[in-house]
Amino acid sequence: MKIIVRKDLTLNELYKTQVRNALVSWFLEEKRDLPWRKTKDPYKIWVSEVMLQQTKVDTVIPYYERFIAKYPSLESLAHAKEEELLKEWEGLGYYSRARNLQAGVREVVDSYGSIVPNTRKDISALKGVGPYTAGAVLSIAYGVPEHAVDGNVMRVLSRLLLIKEDIAKPKTKKIFEEAVMELIDEDNPSAFNQGLMELGALICTPTKPKCLLCPVREYCTAFFEGMQDQLPIKTINKKTKVHKMKAVVIRDEHGRVLLEKRPSKGLLANMWQFPMVELPTATHTIEEVIEHDYGIDIVRGEELIAFKHVFSHLVWEMESFEGKLLLEKELPAACKWFAIDEISNQPMPVPILKIWNAWKEKN
DNA sequence: AACTCGTGGTA
DNA sequence: TTACCAAGAGT
């Protein structure tokens, strides 16, 4: 067997044909039965691709089912209230995905007659649709031969074609996009693109790839060289910074609970939380900082739970307490009192849900 | 280009 | 426990 890989990634025609046929045949035979594979509705494919960004298939499945049941069409999502939308997204993370998805959907409803555009130029202009999602929707929903390069595809192709560039570098992705356009099956770009990702998920895994089960093993340069465990090349990232946070579940004389809506940009944007302060030093008490930040006097009650919550780039070392309102002066506009049975209707991030669940168990 | 933006699972 | 990962996009 002789594998020919030129530096410009132009590949031998016979090699390309054999690889794409082996990959597509394997995918059609072995593909998992996933909910978004039962439809070609561009909207539903779009929803699934956004949910799957940086998120495991097993995590996405129940969210996708609930989301499509609640928002079965572009119009239904376009008309949804943001708080209800975020509630559906609660626990899935990367919440700007949800708001960007709705913004993109509204663009399609308003400017494209509710037809998801079928060119890379137009679909890429939609909010939240980047190079990957554009190619995924185009190829899977419309059968357009466009690249959809994600982490799986870079790992698979780095091994198949022995590409040693650092996949952590943004500009490296272009190499893989060109490689996909060289290899892609123009008769079935949907199965080809999904096949690359499915292969990465099931066979060509980050560690311990199952090469003996691989449908393209005989075409794989890394396997031929015994280098599959050395690829892809990926530089490591830095460590996260720790924030010591203290949250308080404050009740007023009516038994209502105080929530605060986070700013519309940044971490956990537009999500609700309990009043929370960061205490890097011990120079002030929680009551003092709460009074300063929220314009209310409280008395601190019993401790609820303490835990560490790890985000992608920072850590909250969280402590939480009960609190009782003594005096309300100038409540910030982002704050609002809620009856107990209304709390669960507000979209809250996982660490806040943890505190709320601890409070409910105690009370 | 480098940094921001969640969460749960795994070695 | 630490580290890394998983169908990326916005800034």
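Residue numbering restarts at 1 for every chain, and letters A, B, ... go by the order of the sequence lines.
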Original post:
Are side-chain N/O atoms of E198(A) and W26(A) paired as donor and acceptor at under 3.5 Å?
Top reply: no

Subject >> Under 3.5 Å side-chain donor-acceptor pair for E328(A) and W337(A) >> reply: yes

Original post:
Can we say E182(A) and K16(A) salt-bridge, meaning some charged N sits less than 4.0 Å from an Asp/Glu carboxylate O?
Top reply: yes

Original post:
What nucleotide among dG8(C), dA1(B), dT7(B) has an atom nearest to a side-chain atom of P170(A)?
Top reply: dA1(B)

**OP:** Please work out if V50(A) contacts a base, only the sugar-phosphate, or nothing of the nucleic acid, heavy-atom cut-off 4.0 Å.
**Re:** nothing

**OP:** Tell me what D58(A) touches on the nucleic acid: a base, only sugar-phosphate, or nothing, going by heavy atoms under 4.0 Å.
**Re:** nothing

Subject >> Separation of the P atoms in dT1(C) and dG6(B), to the nearest angstrom >> reply: 24 Å

Original post:
Just checking G91(A): base, sugar-phosphate only, or nothing, at a heavy-atom cut-off of under 4.0 Å?
Top reply: sugar-phosphate

Subject >> Pairwise P distance for dC5(B) and dA6(C), with rounding to whole Å >> reply: 23 Å

Subject >> Donor-acceptor pair (no angle test) under 3.5 Å: Y132(A) side chain, dG8(C) base >> reply: no

**OP:** Determine the contact category for R37(A): base if any of its heavy atoms lies under 4.0 Å from a base atom, sugar-phosphate if only primed atoms, P, OP1 or OP2 are that close, otherwise nothing.
**Re:** base

**OP:** Determine the contact category for R99(A): base if any of its heavy atoms lies under 4.0 Å from a base atom, sugar-phosphate if only primed atoms, P, OP1 or OP2 are that close, otherwise nothing.
**Re:** nothing

**OP:** Verify, without hydrogens or angle tests, whether Q273(A) (side chain) and P349(A) (backbone) share a donor-acceptor contact under 3.5 angstrom.
**Re:** no

Subject >> First of Q194(A) and G128(A) reached from the 5' end of DNA chain C, by closest nucleotide >> reply: Q194(A)

**OP:** Quick one: label L34(A) by what it contacts on the DNA or RNA (base, sugar-phosphate, nothing), any heavy atom closer than 4.0 Å.
**Re:** base

Original post:
NE2 of H313(A) versus P of dC5(C): gap in Å, rounded?
Top reply: 18 Å

Original post:
Should the pair F307(A) and H309(A) be assigned to parallel (<30°), tilted (30 to 60°) or perpendicular (>60°) ring geometry?
Top reply: perpendicular

Subject >> Interatomic distance, L52(A) CG vs dG8(B) P [rounded to whole Å] >> reply: 16 Å

Original post:
So which one's nearest nucleotide on DNA chain C is more toward 5', S124(A) or D150(A)?
Top reply: D150(A)

**OP:** Compare the minimum distances between each of dA6(C), dT7(B), dA9(C) and the side chain of R155(A), then state the nucleotide with the smallest one.
**Re:** dA6(C)

Subject >> Separation of dG6(B) C1' from R97(A) CZ (nearest whole Å) >> reply: 8 Å

**OP:** Mind checking side-chain contact (heavy atoms from CB on, under 4.5 Å) for V156(A) and listing every partner two or more places apart, or none if nothing turns up?
**Re:** L196(A), L199(A), C204(A)

Original post:
To the nearest angstrom, how far is K241(A) atom NZ from dC3(B) atom C1'?
Top reply: 14 Å

Original post:
Starting at the 5' end of DNA chain B, which residue's closest nucleotide do you reach first, K208(A) or L314(A)?
Top reply: L314(A)

Subject >> Polar side-chain contact T59(A)-dG9(B) base: donor and acceptor under 3.5 Å >> reply: no

Original post:
How close or far is atom P of dA1(B) from atom CD1 of I167(A), stated in whole angstroms?
Top reply: 15 Å

Original post:
Under 4.0 angstrom, heavy atoms only, what part of the nucleic acid is T207(A) near: base, sugar-phosphate, or nothing?
Top reply: nothing

**OP:** Determine the contact category for W89(A): base if any of its heavy atoms lies under 4.0 Å from a base atom, sugar-phosphate if only primed atoms, P, OP1 or OP2 are that close, otherwise nothing.
**Re:** nothing

Original post:
Of the candidate nucleotides dT7(B), dC5(C), dG6(B), which contains the atom at the shortest distance from the side chain of P206(A)?
Top reply: dC5(C)

Subject >> Whole-Å distance separating the CZ atom of F307(A) from the C1' atom of dT1(C) >> reply: 18 Å

